[in-house]
Amino acid sequence: MEKTNIYSKGNKRKINPNWFTNKVHMKEISSKIKSKEQDIYHVYFQGGAKTKLHLHNGNQILIATKGVGNLEIFKKLSTKKTIFKIKRIEKIPLKEGDIVHIPSNTLHTHGSTDKKKIFSHIAINIHPVRNPEYKTIWYESDFKTNVTEII
């Protein structure tokens with residue numbers, strides 16, 4: 001049995017800044033507790049930052065730990081893989097203590113709604129049963145109607 005604290009120093013994960021709209025950093029938690037069935041991160045969004053549009057091949061759980069943010073769910077309006085139309089179908093506000101489940105292959109974005117305060121959440125990425133590797137596909141979009149490329 002292993003234990004860690006989400007507020008401890010260190011454990012920063014190197015991330016691709018092209019996956020976010022502003023400054024974001026995250027701490028990797030899963031290796032500290034030796035979790036093998038999921039990847040766990042504590043993600044901090046600054047200055048109104050949010051993720052680019054993306055989807056995962058496994059389920060995801062978000063647990064808001066600080067500030068105010070939101071989760072936006074989109075519907076893909078085409079069968080094309082890289083350039084397609086989208087429509088936002090749901091916007092879910094998130095505040096400290098809120099928990100949300102995002103089913104696999106759900107096109108979405110999440111992050112801060114306040115440009116002056118940090119929003120953070122714990123992301124639990126549950127590995128799919130048939131494929132133990134958790135994969136995320138990132139998209140460049142206008143967050144309204146168009147996806148222009150895979151990042």
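If you read the sequence from its start, that first residue is 1, and numbering goes on from there.
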Is there a donor-acceptor contact under 3.5 Å from the side chain of [X] to the main chain of [Y]?
X: T4; Y: I33; value: no
X: Y41; Y: S30; value: no
X: T109; Y: L53; value: no
X: N57; Y: K135; value: yes
X: T113; Y: V68; value: yes
X: N18; Y: K52; value: no
X: T65; Y: S120; value: yes

Are [Y] and [X] co-members of a hydrophobic cluster defined by side-chain heavy atoms under 4.5 Å apart?
X: I126; Y: I40; result: yes
X: I61; Y: I29; result: yes
X: L62; Y: I73; result: yes
X: M26; Y: W138; result: yes
X: L71; Y: W19; result: yes

I need the [X] [atom1] to [Y] [atom2] distance, nearest 0.5 Å.
X: E140; Y: I151; atom1: CD; atom2: CD1; value: 4.5 Å
X: N5; Y: K32; atom1: CG; atom2: NZ; value: 12.0 Å
X: D39; Y: E37; atom1: CG; atom2: CD; value: 10.5 Å

Can you give me the closest heavy-atom contact between [X] and [Y], atom names plus distance?
X: A49; Y: V24; answer: CB-CG2, 3.7 Å
X: H54; Y: Y139; answer: CA-CD1, 4.2 Å
X: I6; Y: K27; answer: O-NZ, 3.6 Å
X: P128; Y: Y134; answer: CD-CD1, 4.2 Å

- Task: Classify the ring geometry between F45 and H121 as parallel (under 30°), tilted (30 to 60°) or perpendicular (over 60°).
- Result: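 Tilted: the ring planes of F45 and H121 meet at 30° to 60°.
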- Query: Relative to each other, are the rings of H42 and Y44 parallel, tilted or perpendicular (30° and 60° limits)?
  - Reply: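 Answer is tilted, since the angle falls between 30° and 60°.
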Using distance only, find each side-chain donor-acceptor pair of residues 84-104 under 3.5 Å and give its atom names and separation, not counting sequence neighbours.
{"residue": "K85", "atom": "NZ", "partner": "N146", "partner atom": "OD1", "Å": "2.7"}
{"residue": "R88", "atom": "NH1", "partner": "E72", "partner atom": "OE1", "Å": "2.9"}
{"residue": "D98", "atom": "OD2", "partner": "K95", "partner atom": "N", "Å": "2.8"}

- Test side-chain contact (heavy atoms from CB on, under 4.5 Å) on K50 and F119 and set out the steps. CA-CA 9 Å; K50 65 181 178 178; F119 170 70; over 6 Å; no
- Verdict with supporting geometry, T82 and E149, side-chain contact (heavy atoms from CB on, under 4.5 Å): CA-CA 5 Å; T82 55; E149 67 180 300; 5.6 Å; no
- Side-chain contact, heavy-atom cut-off 4.5 Å: H56 with T106?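 When only atoms from C-beta onward are counted, T106 and H56 do not touch, as no gap falls below 4.5 Å.
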- Query: So do K117 and K66 actually touch side chain to side chain, heavy atoms under 4.5 Å?
  - Reply: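 They are not in side-chain contact.
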- Task: Let me see the working for V147 and F74 under side-chain contact (heavy atoms from CB on, under 4.5 Å), right down to the final yes or no.
- Result: CA-CA 11 Å; V147 167; F74 290 83; over 6 Å; no
- Query: Would one find more than 12 heavy atoms of other residues, nucleotides or ligands at under 6.0 Å from atom NZ of K76?
  - Reply: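 Enclosed.
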